[in-house]
Amino acid sequence: MTHKVFIFDSMMQKNVLFITDPIDSLEPGHDTSLGLMEAAIKHGDRVFVTTPKDFVINSDSHVGNIYAAVREVTSFAQQQHPTENKRVSAPVTNGTVVNMTLNYPPGSSAGKNSIAAPVAVLQRQDDRSDWSTQQIATRLHPKICVLNGGEATLSTEDKIAIVTDFPDLCPPSMITADADKLIGFAEHMKYEGDQKLVLKATQSYGGNDVKIIQLTDVNWQQQIRDYTQEKNATKRPMIVAQKFLSDVKNGDMRIFYINGKPIAAVNRVPSHEETLANMAQGGIGIAVPLRNISPTTMAAVHQVVDWGKRQGIVIVGVDVIGQDRPYITELNPGSPTGLIEAQEQLGQDVCSEAWVAVKEAIHEHQIAHGNLLSLHWQFISELFQHPGSYLANVAALAQRWLITRFS
C-alpha cells in the first residue's frame, strides 16, 4: 500500500485536537483513537485531548468565544495489560489543563491565556448523539479541519444512512419506533423462511442494545413490544429491525478507510455459540490482508466510503457480513475498534499509515481553504513523488484552490 508522504512534514508540527471519551477510560492496546494519537506524535504533531463536556461558548471571553479545556498527550509508554498477558502502549499526559481557542485560524490564539488553535479536530467519542457538540463543531473556524464531526455527523447517522442511501447493499431492514410495524416486518421475514430477527437501537454502539428475536418462540411478538417500549422510554426510540444473517458465524468484517483509501481489515468472529461479533461483546478480531478480500466486497464498501467522504466522513470502519453475497450492516465513523489489532497481527505500522492518510485529508482541507503555504508544500511533494505527472497534478491542485478561493 502506498500513501503520499508530505515533504518537510517534520517542519510542520501542528496542534491536533481529539474529542474523545475521558482518556483514562480508553483501553490501551485496543482503542483506535490511542493508536492514531501515538502515530501523530511519532509524526511530530502535538496531540491534545478533550471531551464534549469541556467545550465552552462565551460571548465575552479572553480566549475566544469558542474554546475547550484540553490536556496534551506528550508521549506513550509501555505497560502491562490489566487482563491479558501482553504489554501495551498507554498515553502519558502532562496533567496540565489549558484552554484551546477554536474560532481562530490554526496556529493563532486569543492571547496568553490560551494555546494556538488546532489544524484539525478529530471527533472520536463513542456516543455521538450529543447534538449540541455537533452544532459547536459546525461553528469552529473554517480553516480548522473537522474530521467526522459537525455537519458530517448530523447528515450520516451510522445505522440509518446504510438503510436510506444503500438499500441494495444492506440486509432487508426497517427503521421505526412503532411496535406494530416492527411486528409486521418480522411476520414478512418469517414468511420468507427466517427464524431470527435482529433489533438494535439506532444510536447505540459496541453491540449494546442488540437483541436477537427467535421467531419460533411463542411470545416473539411480546418480545418486540417489550424492546420497543424500553427504547420509547428513552430519548432514543428509533429501532433498526434487520434480517438475521447466518453468515455472521464466519465473522463480521470491519474494513477501515481513511480519506477514501483502504487501510486495514479485521474479521470479528463471535465467541462460541454467540451471535454478536463485536469485540466489546467477546468477539475475536482476526486481521485480514486487504488482498484477501473479494473484489465484490471491496467495490460495495468503496461505494459507501465515497459517499461518506462527500458528506465529510474521513475516518470510517465499514462492517460487512457474508462472502458470496456481502451485506453492509453499519457505517462506523465514531471510534471503531480493530486498527490496533490489525497492526499487531500484520506486523506493520498500520496506525502510521492511517495517520499519513489523515494528514492528506488535513492538507486537502488547507488547500481548499486558501492556505498557500500548504499548497506550495504539496507542489514540492508532487515534484519529488510523481515527476512524470507533475504538471498535470499541480495544475489540478491549483485549479481546485482557485475555484475554492474565489467562488
Side-chain angles (χ1 to χ4, degrees), residues 158-175 182 185-202 204-217 220 223-224 239-257 262 264-305 316-332 336-339 341-342 345:
D158 308 15
K159 299 175 178 65
I160 294 176
I162 294 297
V163 178
T164 58
D165 291 76
F166 299 97
D168 295 337
L169 299 180
C170 74
S173 306
M174 173 180 281
I175 302 175
L182 291 172
F185 177 77
E187 290 280 14
H188 175 71
M189 290 292 97
K190 191 174 181 180
Y191 176 78
E192 292 289 322
D194 291 287
Q195 296 185 345
K196 296 179 181 179
L197 182 74
V198 180
L199 298 181
K200 49 189 175 182
T202 56
S204 190
Y205 54 89
N208 298 310
D209 298 311
V210 176
K211 185 174 181 61
I212 308 298
I213 302 294
Q214 296 281 349
L215 298 179
T216 55
D217 288 351
W220 67 265
Q223 291 179 44
I224 292 178
I239 296 166
V240 182
Q242 209 163 63
K243 174 185 175 71
F244 177 80
L245 302 175
S246 59
D247 275 347
V248 72
K249 66 180 181 295
N250 299 317
D252 181 346
M253 186 181 301
R254 174 166 293 166
I255 305 175
F256 291 89
Y257 272 72
V266 172
N267 193 34
R268 302 166 300 157
V269 181
S271 58
H272 183 62
E273 295 185 354
E274 295 293 330
T275 54
L276 292 181
N278 309 72
M279 286 188 280
Q281 304 296 328
I284 301 170
I286 302 172
V288 179
L290 293 173
R291 64 180 179 275
N292 292 351
I293 302 174
S294 74
T296 302
T297 296
M298 293 301 289
V301 172
H302 200 76
Q303 183 179 339
V304 175
V305 169
V316 66
V318 181
D319 295 346
V320 186
I321 296 176
Q323 298 176 359
D324 297 333
R325 173 43 169 109
Y327 285 104
I328 295 178
T329 58
E330 287 189 23
L331 180 75
N332 294 276
T337 55
L339 203 62
E341 284 80 359
Q345 295 176 33

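As the structure is a prediction and not an experimental result, all values here were calculated from the model.
Note that CD of Glu187 is 12.5 Å distant from CD of Glu192, once rounded to the nearest 0.5 Å. The line from CG of Leu215 to CD of Gln223 is 9.0 Å long, rounded to the nearest 0.5 Å. How far NE2 of His188 is from NZ of Lys243: 9.0 Å, rounded to the nearest 0.5 Å. Rounding to the nearest 0.5 Å places CD1 of Ile286 at 11.5 Å from CD of Glu341. Atom-to-atom distance recorded for Ile293:CD1 and Asn267:CG is 9.0 Å, nearest 0.5 angstrom. Rounded to the nearest 0.5 Å, atoms CE (Met253) and CG (Asp247) are 11.5 Å apart.
At least one side-chain heavy atom of Val304 sits less than 4.5 Å from a side-chain heavy atom of Ile162. Proximity of Met174 to Val163: side-chain heavy atoms (C-beta onward) are nowhere separated by under 4.5 Å. You'll find the side chain of Asn250 stays beyond 4.5 Å of the side chain of Val269, heavy atoms only. Residues Tyr327 and Leu245 form a side-chain contact, since some pair of their non-hydrogen atoms from C-beta on lies under 4.5 Å apart. Under the 4.5 Å side-chain criterion, counting only non-hydrogen atoms from C-beta, Gln214 is not in contact with Trp220. Annotation: side chain of Ile239 is in contact with side chain of Leu182 (closest heavy-atom distance under 4.5 Å). Using a 4.5 Å cut-off on side-chain heavy atoms (C-beta onward), Tyr257 and His302 make contact. In this structure, Pro171 and Thr329 have side chains that are in contact, with non-hydrogen atoms separated by less than 4.5 Å.
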Verdict with reasoning, Glu330 to Val318, per side chain to side chain contact (heavy atoms under 4.5 Å, CB included): CA-CA 6 Å; Glu330 287 189 23; Val318 181; over 6 Å; no
Residue pair Val210, Val198: steps toward the side chain to side chain contact (heavy atoms under 4.5 Å, CB included) verdict: CA-CA 7 Å; Val210 176; Val198 180; 4.1 Å; yes
Full working for side chain to side chain contact (heavy atoms under 4.5 Å, CB included) between Leu197 and Phe244: CA-CA 5 Å; Leu197 182 74; Phe244 177 80; 6.0 Å; no
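The environment of CD in Gln195 is sparse: at most 12 heavy-atom neighbours from other residues, nucleotides or ligands sit within 6.0 Å. Counting heavy atoms of neighbouring residues, nucleotides and ligands inside a 6.0 Å radius, atom CD of Gln323 does not exceed 12 of them.
Side chain of Asn332 to main chain of Gly317: a donor-acceptor pair is present (N/O by atom type, distance under 3.5 Å, no hydrogens or angles). Side chain of Lys200 to main chain of Lys211: no donor-acceptor pair is present (N/O by atom type, distance under 3.5 Å, no hydrogens or angles). A side-chain donor-acceptor contact under 3.5 Å links Gln345 to the backbone of Gly285.
Sorted by first and then second residue, the side-chain hydrogen bond (donor to acceptor under 3.5 Å, both in side chains) pairs with a member in residues 287-301 read Ser294-Thr297; sequence neighbours excluded.
Salt-bridge annotation for Arg268 and Asp252: present, with a side-chain N of the basic residue lying under 4.0 Å from a carboxylate O of the acidic one.
In terms of heavy-atom proximity, Phe256 sits nearest to Val266 at CE1-CG2, 4.5 Å. Nearest heavy atoms, Pro326 versus Val320: CB-CG1, 3.7 Å. Residues Ala264 and Leu339 approach most closely at CB-CD1, 4.2 Å, considering heavy atoms.
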